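In what follows, chains are A, B, ... by sequence order, proteins preceding strands, each numbered from 1. Everything numeric in this text was worked out from a predicted model, so none of it was measured.
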2 protein chains.
Amino acid sequence: MSTPQTSTSQTARSTLTRARVLASAVALADREGVGALTMRSLARELGIEAMSLYHHVASKEDLLDGVTDLVVQEIQAAVAGIEPAPEDTPPSDWKHALRRRILTARSVLLRHPWAPAVLETRTGFSPHVVRYHDALVALLRRGGLSYDLVHHAMHALGSRALGFSQELFDPSGPGGDPAPTADDEALLARMADEAPHIVAMLAEVAHEDPESTLGWCDDQTEFEFGLDLILDGLERLAQREAR
Amino acid sequence: MSTPQTSTSQTARSTLTRARVLASAVALADREGVGALTMRSLARELGIEAMSLYHHVASKEDLLDGVTDLVVQEIQAAVAGIEPAPEDTPPSDWKHALRRRILTARSVLLRHPWAPAVLETRTGFSPHVVRYHDALVALLRRGGLSYDLVHHAMHALGSRALGFSQELFDPSGPGGDPAPTADDEALLARMADEAPHIVAMLAEVAHEDPESTLGWCDDQTEFEFGLDLILDGLERLAQREAR
DNA sequence: ACCTGAACACCGTTCAAGT
DNA sequence: ACCTGAACACCGTTCAAGT
């Protein structure tokens, strides 16, 4: 009856399982970035040989599939704790319900800064990604939107539905450190010639909010602005449909 | 006076220049995808040794920087042909002017399906990317929006400003072929359990438009829907500011 | 100055061999 | 059955050597 009680510490030597491989991969990516996640480094982390990984993972691609799915599973868990549950949400509250779910998803992704970039490279249908989006579709439908409008809505949200948006000018890069460099002013001066309007804009915006220099803007504020812009637009279209 | 008239065919042996290297790299990526763009394959394309590339390009990263900038330069050229020019655009037409520029940018990117994915990995400030965005900022400002609102607007547009948006469910992958597979129905059936609402939505949407099966939707239509949703929202906020 | 070839330090992965 | 080590076919890049 007494199954061997191996300790489940980090170096637990219990038989390797796909779940343990994936969990270890997420931890490694969190700590050192996806760039450091190689079959060899992951194996080293697990105290194993690189080739042994192929017994639990079909390929590197499969590993990345599993790893992103695990992150989205974490999102699912976080979102499951939101009350009221989707079924108990008053239909008219669909917008707030959606907003809360999406911002909760975002808060999870902030713990895995490398995840969005990997998520964007996945082409398959991760089970948890699908389930997450299904709940959003359900909420929108419950709010009275036609399936046609819901469909457009999901496309319009795009990756924002999962809580991230592509920042095209992000010197920290996807998952990098957010520290603005010291030569920001030099950069601004160099840009003044070719981008006078942007420079003027940043000068004024930075002036109003001395906290944030240059374009290193408040990601959270900007994300919510864009999200609300879309949600408000959808609400307007929904009301037009309802008439 | 007679400079050697080397033919400028594909295999032109004229002295190698950075411009020729980058142009060749874009052509290679267009033909075989970014995955096929390696220092070695690019060198072969140019009838040269791999190491010779480093005389015109600092590194692979620098090559990708240059290559994306070249694509955006192509966008710039296409957008420059739009009339009326930004300076002659009636201020009240800012929304249409923006829309036309963005859709023109998109039409260029459709010729380089690999470009969006690479663009997203660039952290630096490509000169042409900055210039392109500067024109958008100018148009928005000319339309009477405050710099603060313009700033939010640019963040809300994100990569949409350059004509692309991240599709999270795109089985063709970034820059892949758009052909839906034959086992779509099998996939739908398998998904029915975990994503009943999505399946119901797709069934109805597909029913209305038998042309497009499953989620392999009309990218152009969806892009324009999302873009208009944002632009209309911005217009509304601009009007509120103007009061 | 520009281009080359061999070599280095990495990848993901195949394969035959161990237990 | 699970794990291993050597090996293969790739990468980007360094370096000393050619012209």
- Message: Treating A/S165 as the side-chain partner and A/F223 as the backbone partner, does any N or O pair qualify as donor plus acceptor under 3.5 Å?
- Response: no

- Return no unless some side-chain N or O of A/H56 is found under 4.0 Å from OP1 or OP2 of D/dC3. yes

- Task: Round to a whole Å and report the spacing from CE of A/M39 to P of C/dC11.
- Result: 12 Å

- Item | Pair B/R122 + B/D65: basic N to acidic O under 4.0 Å | yes

- Atom pair distance, as rounded to whole Å: CZ in B/R44 and C1' in C/dT4: 16 Å

- Pick base, sugar-phosphate or nothing for A/M51, based on heavy-atom distances below 4.0 Å to the nucleic acid. base

- Message: Contact between A/R18 and A/D62 at the side-chain level, heavy atoms closer than 4.5 Å - yes or no?
- Response: yes

- Report the distance from atom CG of B/L42 to atom P of D/dC10, rounded to the nearest whole Å. 18 Å

- C/dT4 P sits how many Å from B/L16 CG, rounded? 9 Å

- Show your working on side-chain contact (heavy atoms from CB on, under 4.5 Å) between B/D134 and A/E194 and close with a plain yes or no. CA-CA 8 Å; B/D134 197 64; A/E194 7 188 22; over 6 Å; no

- When we call it a touch if two heavy atoms are under 4.0 Å apart, what does B/S52 touch: a base, just sugar-phosphate, or nothing? base

- Message: I want to verify a distance call: between D/dT13, C/dT13, C/dC3, whose nearest atom is closest to the B/Y54 side chain?
- Response: D/dT13

- Note on the structure: Looking only at C/dC3, C/dG5, D/dC3, the nucleotide nearest the B/E49 side chain is C/dG5

- Task: Please report, rounded to the nearest Å, how far the C1' atom of D/dT13 is from the CG atom of B/D62.
- Result: 14 Å

- According to a 3.5 Å limit on both distances, what stems of 3 or more consecutive Watson-Crick or G-U pairs are formed with DNA chain D? C:4-8 with D:12-16, C:12-16 with D:4-8

- Close side-chain approach of A/F225 to B/H155, heavy-atom, < 4.5 Å: no

- Message: Under the criterion side-chain contact (heavy atoms from CB on, under 4.5 Å), I'd like the reasoning laid out for B/L157 against B/L227: C-alpha separation, chi angles, the key distance, then a yes or no.
- Response: CA-CA 8 Å; B/L157 284 169; B/L227 178 59; 3.9 Å; yes

- Spacing of A/R18 atom CZ relative to D/dC2 atom C1', expressed in whole Å: 17 Å

- Query: When the distance from CG of B/L64 to P of D/dC11 is rounded to whole Å, what number comes out?
  - Reply: 14 Å

- Task: Take atom CG of B/L46 and atom P of C/dT4, then tell me their distance rounded to the nearest Å.
- Result: 11 Å

- Task: For side-chain contact (heavy atoms from CB on, under 4.5 Å), just list the numbers for B/R20 and B/L46, CA-CA rounded to whole Å, side-chain angles, deciding distance to a tenth of an Å, and then say yes or no.
- Result: CA-CA 9 Å; B/R20 273 195 62 214; B/L46 287 162; 4.1 Å; yes

- Message: Need to verify one output field. Residue with the more 5' nearest nucleotide on DNA chain D, A/L53 or A/R40?
- Response: A/L53

